[in-house]
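If you read the sequence from its start, that first residue is 1, and numbering goes on from there.
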Amino acid sequence: DNYRFFADRAELAEHPDQSVVAVTNAFFTKFQHLTATQELTLAHGTPVETIGFEADYYDKSIKRKPSQLLQEIKSAIDAAVRLEQALTNQ
């Protein structure tokens, strides 16, 4: 939903020559990039580059639990499946 909202607000459909850089925590990079590719590149032809920075950059006390890592891996796999389905249905 966030990428769809962004695409609407940035009027990507009217400006196909635009590109997007998404900056997020490295922990979320894979999910964010796959989702952005589906919602921005496939839908509007907008190239996306996703940059992930380490949590230490802003808070050295953040430690991820194994369950959080597994949940993020699952989210990335789910996003990859949705992207593959979207590519297949094009």
Minimum heavy-atom distance [X]-[Y], with the two atoms named:
X   : Y   : answer
A76 : L34 : O-CD1, 3.3 Å
Q18 : P47 : O-CD, 3.3 Å
H44 : A7  : NE2-CB, 3.5 Å
V48 : T50 : CG1-OG1, 3.8 Å

### Message
Between Q32 and Y3, do the side chains contain a donor N or O and an acceptor N or O under 3.5 Å apart?
### Response
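Yes, because at least one side-chain N or O of Y3 sits under 3.5 Å from a partner of the opposite role on Q32.
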### Message
We want to know whether E84 and T88 form a side-chain donor-acceptor pair, criterion being a heavy-atom distance below 3.5 angstrom.
### Response
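Yes.
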### Query
Any chain of hydrophobic side-chain contacts (each under 4.5 Å) joining I73 to F27?
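As far as the 4.5 Å side-chain criterion goes, F27 and I73 are connected within one cluster.
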### Query
Are L83 and V81 connected in the hydrophobic side-chain network, where two residues link if heavy atoms are under 4.5 Å apart?
no
Distance, nearest 0.5 Å, that separates [atom1] of [X] from [atom2] of [Y]:
X   : Y   : atom1 : atom2 : value
F31 : T24 : CZ    : OG1   : 10.0 Å
E72 : I77 : CD    : CD1   : 10.5 Å
N2  : E39 : CG    : CD    : 10.0 Å
T35 : F28 : OG1   : CZ    : 12.5 Å

### Message
Using a 3.5 Å distance criterion without hydrogens, assess whether the side chain of Q68 forms a donor-acceptor pair with backbone atoms of K65.
### Response
yes
### Task
Without swapping roles, check the side chain of T41 against the backbone of T46 for a donor-acceptor pair under 3.5 Å.
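Yes.
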### Message
Counting neighbours of CG on D78 that are heavy atoms of other residues, nucleotides or ligands and sit closer than 6.0 Å, is the number greater than 12?
### Response
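Correct, the count exceeds 12.
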### Message
Using a strict threshold of under 4.0 Å (side-chain N to carboxylate O), is an ion pair present between R4 and D8?
### Response
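Salt bridge: no.
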